[in-house]
Amino acid sequence: MTAECIKISEMSRHVGQEVTIQGWLYNSRAGGKVQFLIIRDGSGMCQGILEKKEGAEELFQEVKHLGQESSLRVQGMVREEPRSVGGYELALSDVQIVHKTQDYPITPKSHGIDFVMKNRHLHLRSRRQWALARIRHTVVEAIRNFFNSHGFTLVDTPIFAPAVGEDEQTLFNLDYFGEDVALSQTGQLYLEAAAMSLGRVYCFGPTFRAEKSKTRRHLTEFWMVEPEIAYIDLDGLLEVAEQFVYSVVQAVLKDRQVELEILERDVRVLQKIKPPFVRLSYTEAVELLHSDKVKLFLEGQLQQKQEQVKQLEDHITQWTGEQEVSKKQWQKDKLSQQIQQAREDINELQEQINNIPHHMELAAGFRWGKDLGGSDETIISQLHEQPVFVHRYPKQAKAFYMKPDPLEDRVVLNFDCLAPEGYGEVIGGSMRQDDYDALLARIKKEGYEVENYEWYLDLRRYGSAPHGGFGLGVERTVAWLAGIKHIRETIAFPRMMGKIYP
RNA sequence: UCCCCGAUAGCUCAAUCGGUAGAGCGAGCGGCUGUUAACCGCUAGGUCGUAGGUUCGAACCCUACUCGGGGAGCCA
């Protein structure tokens, strides 16, 4: 191994040169006199070609029996090769085996989610998970870049927090030297204090919710970025939020093309994202949910999905017939895979079909005053190509710190941002109550101990100013941009209800 | 907390009406100089989630439980 050590991502700059690559065996195909080794090194994948040469038969045999995910150093000549992954390949002159792996559990074939999550520590090496990790990285980077370049100062807020604030059922309680304390579910109250010092601030860290939710958009531990701005109004906040989301979308489109392609993301829908986003008041949203438009939309969706199921069933019948008459084994395999996939799709569709009447009922029977449900959000976001800001929710459904609208006291100056394509809420934010008397009255009304909020009330005693902010969930944003169904794949080691291994 | 679905080989899934448990992948051995989830031949691999019940006979029917998936509520 005398040649220069490079990363696979740099291969295009080393055509015609002898180089060394250090990585892992992703997959291999062995012939009698030639082997194709797919090697990954973290920066990408490439194909190595090993030919059987006189005097090197032993190495050839040894490499032939290497298990998937064996670690190795290889040396070879870089050449262009359109048939190879990434467009380049390595004509190997030497292979140094660093570690021989036997029986790697995650094969290149399909696996169930339970199996894969129990092997999450290995699952991270898979192509799809690699792509998601890199998209997440870019999302995080874009978040930091946006705030850092718009005059915000980072303030880290505590993770141990007094068990006060919102609904205590949603908090993880723990014993803090004999005192009842909870893991933080927002840094917002502390951030409000910091905003009165620094003007524009943000915090970015893990946050914890003990909600007993088992859905594709919930984790018990997730990452949230929360900006807080002094001297702003609701319209100003919406403008910051849409510029912010736009900048994150652009960064992913620009820097993660390869990864989006691996995930088969339809980037055209992301390319359309552009301010101004849709603005819809809560009251307008309720009217929309009651409208014929929604009814027709759901009926159309129902019909469409039923037709899809019928089509898939026809395909299955057809494929089953073809399977019986086909002679080649690979044809049978291909057909049975198609059939299996179709069955899974049918199950998914069937479940959606079963849910639609329920969602229709929920939408049609929605009463002004409740918080929007998950299905309601999905419907609203599916009706728009741009993200939707739903603003001015009923006061009764929202947290004590939100500022009521001076023009309509029954609603507060808040907003949620719903991502398109049914991804739902990625941002929640509001203007904060900055009037001392009103805040104190609300704290008392909620039955909270005023004593616990003295410091928070101080912010309204001394130099109170209009301010507001919002929080964006990183995992939901990554799932939306990557176009994946479940947020558990957007974080390396997801924490869900009843899941803590590995 | 509630509703729906599921559990069969290491993995992904079949098994018609209740009648001898099957395939592919993976593993092992052999063959093949250009493969793209390579292919071809052979070999090994099972207490059908657990406990009970119905039956001449249960992977299949019934009951309970465990675990998993999805959804409602709640939420970013």
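Side chains are part of it too, since the values below use all heavy atoms of this structure and drop only hydrogens, waters and symmetry mates. Every chain is numbered from 1, with letters handed out A, B, ... down the list of sequences.
Of the residues in residues 492-502 of chain A, A/G498, A/K499 come within less than 4.0 Å of RNA chain B through at least one heavy atom, sorted by number.
A/V258 is linked by a side-chain contact (heavy atoms from CB on, under 4.5 Å) to A/I262, counting only residues two or more places apart in sequence or in another chain.
Within 6.0 Å of the NZ atom in A/K100, the count of heavy atoms belonging to other residues, nucleotides or ligands does not exceed 12. Around CD of A/E446, the count of heavy atoms belonging to other residues, nucleotides or ligands within 6.0 Å exceeds 12.
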When you check every protein heavy atom under 4.0 Å of nucleotides 29-35 of chain B, what one-letter string (B, S, -) results, 5' to 3'? S--BBBB

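Rounded to whole Å, the distance from CG on A/D103 to P on B/A27 is 7 Å. As a whole-Å value, the separation of A/Q352 CD from B/C4 P is 19 Å. One can place NE2 of A/H218 at 10 Å from P of B/G73, the figure rounded to the nearest angstrom.
Distance check on atom C1': B/A72 versus B/U35 gives 50 Å, rounded to whole Å. Annotation: B/G6 and B/C25 have their C1' atoms spaced 22 Å apart (nearest Å). Comparing the C1' positions of B/U33 and B/G49 gives a spacing of 48 Å, expressed to the nearest Å. The separation of B/G46 from B/G10, taken at their C1' atoms, amounts to 12 Å, rounded to a whole angstrom. Between B/C32 and B/U12, the distance separating the two C1' atoms is 28 Å to the nearest Å. B/A21 and B/A64 are spaced 29 Å apart, taking the P atom of each and rounding to whole Å.
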Quick one: the dot-bracket string of RNA chain B, using Watson-Crick and G-U wobble pairs with both distances under 3.5 Å, [ ] for crossing pairs and | for bases paired to another strand. (((((((..((((.....[..)))).(((((.......))))).....(((((..]....))))))))))))....

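Atom CG of A/L418 sits about 11.0 Å away from atom CH2 of A/W480, to the nearest 0.5 Å. Taking CD of A/E221 as the start and CD of A/E475 as the end, the distance is 9.0 Å to the nearest 0.5 Å.
Contact between the side-chain N/O atoms of A/R217 and the OP1/OP2 oxygens of B/C75 is not found at any separation under 4.0 Å.
Salt bridge status for A/E421 with A/R265: present, with a side-chain N to carboxylate O gap under 4.0 Å.
Residue pairs meeting the side-chain hydrogen bond (donor to acceptor under 3.5 Å, both in side chains) criterion with at least one member in residues 492-502 of chain A, sequence neighbours excluded, do not occur.
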Output one line per pair: protein atom, nucleotide atom from nucleotides 10-15 of chain B, and distance, for all N/O pairs under 3.5 Å.
| residue | atom | partner | partner atom | Å |
| --- | --- | --- | --- | --- |
| B/C11 | O2' | A/S110 | O | 3.3 |
| B/C11 | O2' | A/H111 | ND1 | 2.5 |
| B/U12 | OP1 | A/G112 | N | 2.8 |
| B/U12 | O4' | A/S110 | O | 3.3 |
| B/U12 | O2' | A/Q340 | NE2 | 2.4 |

